[in-house]
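I have placed the structure first, in the form of structure tokens, so that the comments after it can refer back to it.
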Amino acid sequence: MNLKRLSGIKKTAAYIFLFIGAAAFVYPFIWMLMASLAPEKDIASFALWPTSIGLGSYVQVFEKIPVLRAFLNSMIVSLTVTFFVVVFSSMTGFALTHYEFKGRDAVFYIIIFTMSLPFQLTLIPQYILMVKLGWTDSYLALTVPYFISGLGIIIFRQYFKTIPRDLFDAARIDGCSDLKILFSILLPNAKPAIITVAILTFMGVWNDVLWPIIVIRNENLMTLPQLITLFAVGGKAESQLGVKLASAVLLAVPVVVAYSFFQKYFITSMASSGMKE
Amino acid sequence: MGKKKLTPYLLIAPYIIHFGLFVAFPVVFSLVLVFHRWNIISPMEYVGPGNFIRLLGDTFFWQSVLNTLYFILIHVPLQLLIAISFALILNLPLRMLGVFRAIYFLPVVVSGVVVTILWQQLFGYENGILNRLLTYLTLPRIGWLTDPDIAMPSIAIMATWKNVGLYIILFLTGLQTVPVQLYESADLEGATAWQKFRHITIPMINPTILLVLVLSTIGGFSLFIEPYVMTGGGPLSRTLSSVLYIYKQGFFFYHMGYAATMGVTLTAIILVVVIIQKKYVERNT
Amino acid sequence: MKYIVLISVIFLSLSVFSCRENINERNGVLYWSSNNTDEITYARFIVEKWNRDNPGKQVRFQPVPEGQSSEEVILAAVVGGTTPDVYSNMWQGDVEYYARAGKLVALDTLEGFMDFLNARCDSAVIKEVTSRDGHIYQIPWKINPIMMIYNKKMLAKTGLKSPPRTYTEFLKMAGIIQKASLVGGRVTKWAGYAEVQVTWWQRWFDYYPLYLSASGGAKLVNADTAVFDNKYSVSTFAFLQKIFKNNYFPTDRLSSGQDPFLSGMIATRFTGPWEIVHAEKFKPEGFEYDFAPMPVPDDHSGPQYTYGDTKNLVIFKTCKNPLTAWYFLREFCRLENEAVFLKITNQLPRRKDLTSDPLFSNYFAANPLMIPFAKQARYVIGPDNSPVLKEVFDVISAEYEQCVVYSKKSPASAVKDAAHSANLVLMQ
């Protein structure tokens, strides 16, 4: 399988295959964008280019639901969770790699065990917990339950293993406290791990819908995907396709922008979510 | 010295606290809940195995399990096939591979809600793009989401479209670990492309296959937002997924004990399916 | 150390965000209205009036916090223990659920309540809102009767002189409309439209009002037993099944931008008086419509009942001053005030003098489209007392889909199976 042996015909066939694939992935998004800009009567009939374009559907979305507020909520929630996941996961990963202590293996196995628990098992009791703590309809319900990520711990643990012990010991001799070693020496050297954990966490929280739908009922506290979901399912869109699609575009744009800038990081990070085993 | 010994425990303290509150407690509590009837606003009531008896006779629950398995049965093989094919091509020495990879990955990062709203329009009966294409080809139109026999396969196609990018990347990573020498020595023996694929590639990427199988099966059991937005579980409950049904019982009708019972049962089912998959893949390679 | 400070700062800010207002004042009453604009206007009016006249017993008012639906918000408030003292928009079908959980004040134990109720409602209504334990936890407040809106011109074209009264007349009209609308073998106009989705409350707009009309106001659930397995349910199912079988109603969700009724795609629809405001706002030039009672079986006689989408007033147990709350509600429902309410909201108060008192007649003279609803108001039924009524509607909905929309079952067996499943639910 190397370049020299690939004949021209095979090469062309491969490219055609790849292009068809690319069209299948991109065309729906382009159609959605154009439909959100098209006048309502056009949506049912155009294939690529509507008769005219305008922002009418977007104006309606902004009039009907608090999109900006929801965007802000999503940012607050996702960033808070990402911050804590990085801090707590690195702390735990650090403890698991650089210390010998009683129960270390037990903790590691508990982490692995927890990761293999499907959420279906804990969904109901977790909701009840939120109710009993009085956290429903607050940012607490959206953030605190996510503060720990087993995968995050595993990623940091693996990364810290590659950092030579000497670095750690030298810092200790210099009289650094352990926390200081972690946060000012190890973490700055663990950027790839941080990026991976951060992107995975951020994307996971940003895109989640089920949990917000369950714990948030106050429109002012809804996350963007939740708000858009309820908008699309409920009656507020008044079955206007353009408005629905415009709301979907608004939900897609922040992620697509981030993705186009950090595409490589996204791909490697999200692919590493497969290293669960 | 005492302080030094304490440090690792301080470091893992957040994890332990979080684990106790958000994992251990819910797991234990759900095992309590399964023996109770509770609508959250009245006191809990012990019902013994009542929830399980009800579950056994609940045709909607079993239909939702079958629906979910049906979804997995279509979605997972389709996913494997498409992902491997694209990965094989992307593994060839061609140009612009980075661009293609980025494009294929796009639906993976976009929220499932976006994809669902979008495909709901593509699937439209009167004016959806897919049916317009069929009409153009003078083929009969399809009730993508309204025909009871087709609605779930439609959702499976959509889910594949959304996730396949991730699995392409996983397979690509797997393919790149296959030593080139293996192919070269096979070439010397005059092996055909298919033989090389069957006897070298497949066994070498076996761990990836298992990974993709398990990941997309577990993903399949979480099916929720797609039917929630597109069909509400209809037509004829054919797209009612297990999580959607749990959601309905738990958060619509507030049968907390019963919903927890379904959660526990579903966990057991997931476990069995994943173990069977593992055994099967390990035996056949 | 730096980090610990940072972490605690973030934690603190999170808890500040989630802090809840402490709402229960010592002598006052907290009242939540729905978040419908007109109802808020009325709530403001009545609260200001009350506070002027009762300086020592202030009522504080806020619309129910925005959420998925007011039902869900109220439930979340009950679960979280953050209920208001008084709530004015409780769906009657939900009352039994809260009453049995001990979350509502039994109003019949309050001084003067029964006199008030007897003056307001006739005995059938009082019986309807009495809980299974014999207490009354709600004041019947307002109704939006479900009737048949029809496009006058479309109907005239079919040759009918008056809107279809019976199933046969309706089907005949539907056939004529369909035939006239065929374009290249495709149906372009329909007799009506009903949501095919199985969402439980969609049955308020097809099966349930038809069932009430056919049966003279029979119950779905009585004493925690399903009682709808009868010939009225079967004939209703059969009627709707015929409609869908013949493609008189579209089975696809009509997803065009325009309103299907106002754009002349459908000739009728089963809906409530809220349609008037909508139609007056969006109707095209020259569009004419009116309302008629729901169609009934051909052999029907006697009064024609329908579903009323009843919303009622309740006092939550968390209320510290139930008497003050009750006096406030009595003022809330006083004749003069409800005349104002009707004028502001175009929603009918559920009281027996609605068609007789001159204070109301002025309104109806000025709003003739509301007259059919006022006439219907005497024959309106609210949902039955059952803590699981939503689920009963849900199982009916599932059978409805099988039988009516997809013709997979006969009406008789669908109704029988629905009643069987409903009884299982009710036994739980």
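Being a predicted model, the structure only gives us computed values, none of them experimental. In the text below, chain A, chain B and the rest are named by the order of the sequence lines, each starting its count at 1.
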Side chains of B:Arg101 and A:Gln263, heavy atoms from C-beta outward: is any pair under 4.5 Å? no
Report yes if the side chains of A:Leu123 and B:Phe251 come closer than 4.5 Å at any heavy-atom pair, otherwise no. yes
By a 4.5 Å heavy-atom criterion (distance strictly below it), what part of B:Val243 contacts chain A: side chain, backbone, both, or neither? side chain
Output field: ring centroids A:Trp211/B:Phe224 closer than 6.0 Å: no
With side-chain contact (heavy atoms from CB on, under 4.5 Å) as the criterion, how do B:Val23 and A:Ile148 come out once you've worked through the C-alpha distance, each side chain's angles and the decisive distance to 0.1 Å? CA-CA 10 Å; B:Val23 181; A:Ile148 294 290; over 6 Å; no
Could you report the tightest heavy-atom contact between A:Ala95 and B:Ile12, atom names first, then the distance? CB-CG2, 3.6 Å
Between A:Arg104, A:Lys102, A:His98, A:Glu100, which shows the greatest number of heavy-atom pairs under 4.5 Å with chain B? A:Lys102
Say you draw a straight line from OG1 of A:Thr114 to CZ of B:Phe19; how long is it, rounded to the nearest 0.5 Å? 4.5 Å
Out of B:Ile89, B:Leu97, B:Thr208, B:Leu118, return the one with the most heavy atom pairs under 4.5 angstrom to chain A. B:Leu118
Let's go through A:Tyr127 and B:Met256 carefully: what are the C-alpha distance in whole Å and the side-chain angles of both, what is the deciding distance for side-chain contact (heavy atoms from CB on, under 4.5 Å) to 0.1 Å, and is it a yes or a no? CA-CA 10 Å; A:Tyr127 166 72; B:Met256 288 302 163; 3.7 Å; yes
Rounding to 0.5 Å, atoms CE (A:Met32) and CG (B:Leu122) come to a distance of 9.5 Å
Which portion of A:Tyr146 sits near chain B, non-hydrogen atoms under 4.5 angstrom: backbone
Can you say whether B:Ser242 sits under 4.5 Å from chain A via the side chain, the backbone, both, or neither, judging by heavy atoms? neither
Hey, does A:Phe94 have a side-chain heavy atom less than 4.5 Å from the side chain of B:Pro8? no
Chain B: which of A:Val209, A:Leu210, A:Leu245 shares the most heavy-atom pairs with it under 4.5 Å? A:Leu210
B:Phe252 versus chain A, the contacting section by heavy-atom distance below 4.5 Å: neither
Once rounded to the nearest 0.5 Å, what's the spacing between atom CD1 of A:Ile267 and atom CG of B:Leu172? 10.0 Å
Contact summary for A:Ala22 and B:Tyr104, nearest pair of heavy atoms: N-CE2, 3.5 Å
Chain A shares the most heavy-atom pairs under 4.5 Å, among B:Ile103, B:Val109, B:Ile117, with B:Val109
Atom pair CD (A:Gln126) and CZ (B:Phe29), whose distance is rounded to the nearest 0.5 Å: 12.0 Å
Chain B contacts, top residue of A:Ser247, A:Pro118, A:Pro145 (heavy-atom pairs, under 4.5 Å): A:Pro145
Heavy-atom side-chain proximity of A:Tyr99 to B:Leu11 below 4.5 angstrom: yes
Heavy atoms, side chains only, cut-off 4.5 Å: are B:Val113 and A:Asn207 in contact? no
Which heavy atom in B:Val110 sits nearest to a heavy atom in A:Ala252, and how many Å separate them? CG1-CB, 4.2 Å
I need the B:Ile218 CD1 to A:Gln120 CD distance, nearest 0.5 Å. 9.0 Å
Are more than 12 heavy atoms, taken from residues, nucleotides or ligands other than A:Phe101, located less than 6.0 Å from that residue's CZ atom? yes
With chain A, which of B:Gly165, B:Pro107, B:Gly112 has the greatest number of heavy-atom pairs at distances under 4.5 Å? B:Pro107
Could you check whether any side-chain heavy atom of A:Trp31 comes within less than 4.5 Å of a side-chain heavy atom of B:Gln121, counting everything from C-beta outward? yes
When the 4.5 angstrom heavy-atom criterion is applied to B:Tyr167 and chain A, the contacting part is neither
Once salt bridge (Lys or Arg N to Asp or Glu O under 4.0 Å) is applied, do any residues pair with B:Lys248, and if so which ones, sequence neighbours excluded? C:Asp394
Identify, with sequence neighbours excluded, every residue that meets side-chain contact (heavy atoms from CB on, under 4.5 Å) alongside A:Ser260. none
Just checking B:Phe86 against A:Phe17, ring centres under 6.0 Å apart? yes
Tell me, side chain or backbone of B:Leu106 under 4.5 Å from chain A's heavy atoms, or both, or neither? both
Top contributor to chain A contacts, counting heavy-atom pairs under 4.5 Å, from B:Thr265, B:Ile129, B:Ile169: B:Ile129
Could you check which of B:Val274, B:Ile40, B:Val28 has the highest count of heavy-atom pairs closer than 4.5 Å to chain A? B:Ile40
B:Phe100 and A:Phe19 aromatic centres sub-6.0 Å: yes
Between A:Phe25 and B:Phe105, is the ring centre distance below 6.0 Å? no
Begin from the C-alpha positions of B:Val114 and A:Ile228 and carry the test side-chain contact (heavy atoms from CB on, under 4.5 Å) through to its verdict. CA-CA 9 Å; B:Val114 174; A:Ile228 303 291; over 6 Å; no
Flag the pair A:Val144 / B:Phe22 as yes when at least one side-chain heavy-atom distance between them is below 4.5 Å, and no otherwise. yes
Note: A:Met270 and B:Leu166 closest approach over all heavy atoms is O-CD1, 3.5 Å
If we only count heavy atoms from C-beta on, is the B:Ile16 to A:Ile110 side-chain gap below 4.5 Å? no
Over all atoms of both residues, closest heavy-atom pair of B:Ala102 and A:Tyr259: O-OH, 2.6 Å
Taking all heavy atoms of B:Ser222 and all of A:Phe119, pick out the closest pair and write down the distance. CB-CE2, 3.4 Å
Whatever's closer than 4.5 Å to a heavy atom in chain A on B:Val164 counts as side chain
Whatever's closer than 4.5 Å to a heavy atom in chain A on B:Met96 counts as side chain
Among A:Ile111, A:Leu133, A:Leu250, A:Val26, the residue with the most heavy-atom pairs under 4.5 Å to chain B is A:Ile111
A:Tyr15 (side chain) donor-acceptor with B:Arg95 (main chain) under 3.5 angstrom: yes
Spacing of CG belonging to B:Leu21 relative to CG belonging to A:Leu129, to within rounding of 0.5 Å: 5.0 Å
Residue from A:Leu121, A:Leu96, A:Val107 scoring the most non-hydrogen pairs under 4.5 Å with chain B is A:Leu121
